[in-house]
Amino acid sequence: MNLIQTNEIINNTWLERPSPEVAPDLVGCTLVRRMSNDQIIRSTIVETEAYAPGDPACHAYRSRTPRNAVMFGPPGMSYVYLIYGMYHCLNIVTDADGVPSVVLIRALQLESVPDWLWEYIPKQKSKPKISRLAAGPGKLCRLLDIDLSLNGSPLGVGRPMWLEHPTRQLQEDLQIVQKTRIGIRKGTELPWRWYLANCDAVSKT
DNA sequence: TTGCTGATTATG
DNA sequence: ATAATCAGCAAT
């Protein structure tokens with residue numbers, strides 16, 4: 001199945017909804033990344049999680065701080081943070097300006113991997129399958145060279161990243177599963193994780 | 001200023 | 001099951 005198609009650009013109005021509404025809608029959408037060499041990498045979002053106000057797992061649960069500031073900004077920005085001192089996580093800011101609400105991008109499916117991109121993939125014991133290269137929030141940021149320099153960067157055509165809708169037909173054919181979020185200590189009961197069924201890139205747990 | 005924690009990953 | 005590795009945050 002070819003998940004990557006000609007698409008319509010996602011605008012900020014579409015993102016101006018609570019993250020638990022946007023997160024399932026982003027599954028099946030395309031993340032487009034313009035790398036520093038101006039090459040374009042397109043991939044399909046196959047796993048997302050929502051973080052929202054009143055959610056104890058949300059970085060903005062306690063208060064606004066320098067780290068979480070962009071979560072409070074307008075929709076359509078990227079919120080990137082460093083986790084465990086060595087990986088980055090990519091979020092899409094959603095909901096109205098002032099409401100800290102984001103969608104974490106947990107896994108991507110790439111259609112193909114150009115040779116030069118393998119330089120972004122660290123040497124490992126065994127060569128991973130293409131379907132596992134962006135399987136996990138830290139891995140996808142490493143692969144697409146996403147770091148703190150992209151925190152607060154607006155999404156858009158011509159910018160480092162933007163989002164596109166799939167065709168209507170494809171969107172309707174998607175089998176999306178809803179479950180609880182993973183890797184967190186608090187807010188574990190909220191069913192705010194969505195992923196594509198039968199997708200190799202999705203986290204196993 | 002110290003100490004602990006974490007929306008992770010690769011390896012044993 | 002655990003090391004790697006560090007910014008943020010709460011407590012001192």
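The sequence lines fix the lettering, A, B, ..., with proteins before strands; numbering per chain opens at 1. Because the structure is a prediction, the values reported are computed rather than measured.
In this structure, of dA10(C), dG6(B), dG8(C), it is dG6(B) that holds the atom nearest to the side chain of Y84(A).
Here G85(A) lies in heavy-atom contact (under 4.0 Å) with a base. As judged by a 4.0 angstrom heavy-atom cut-off over every strand, R181(A) is placed among residues making no nucleic acid contact. Residue R142(A) is in sugar-phosphate contact alone, with no base atom involved, counting any heavy-atom pair closer than 4.0 Å across all strands shown.
L31(A) and V70(A) fall into different hydrophobic clusters, where Ile, Leu, Val, Met, Phe, Trp and Tyr are joined by side-chain heavy atoms under 4.5 Å apart, directly or via other members.
The nearest whole Å value for the distance from the CG atom in D147(A) to the P atom in dC6(C) is 15 Å. Here the P atom of nucleotide dA10(B) and the CG atom of L140(A) are 12 Å apart, to the nearest Å. In this structure, Y61(A) places its OH atom 15 Å from P of dG6(B), rounding to the nearest Å.
The shortest distance between the side-chain N/O atoms of K186(A) and the OP1/OP2 oxygens of dA7(B) is not below 4.0 Å. For R106(A), a side-chain nitrogen or oxygen approaches OP1 or OP2 of dT8(B) to under 4.0 Å.
Spacing of P atoms, dT5(B) relative to dT12(C), comes out at 14 Å, to the nearest Å.
With D55(A) as reference, R181(A) is the one residue of R62(A), R181(A), K186(A) to meet the salt bridge (Lys or Arg N to Asp or Glu O under 4.0 Å) rule.
The partner of dA4(C), taking Watson-Crick or G-U wobble pairs whose two distances both stay under 3.5 Å, is dT8(B).
Mapping Y87(A) and L148(A) onto DNA chain C by nearest heavy atom places Y87(A) at the nucleotide closer to the 5' end.
Residue Y81(A) places no side-chain atom within donor-acceptor reach of the base of dA7(C), judged by atom type and a 3.5 Å distance cut-off alone.
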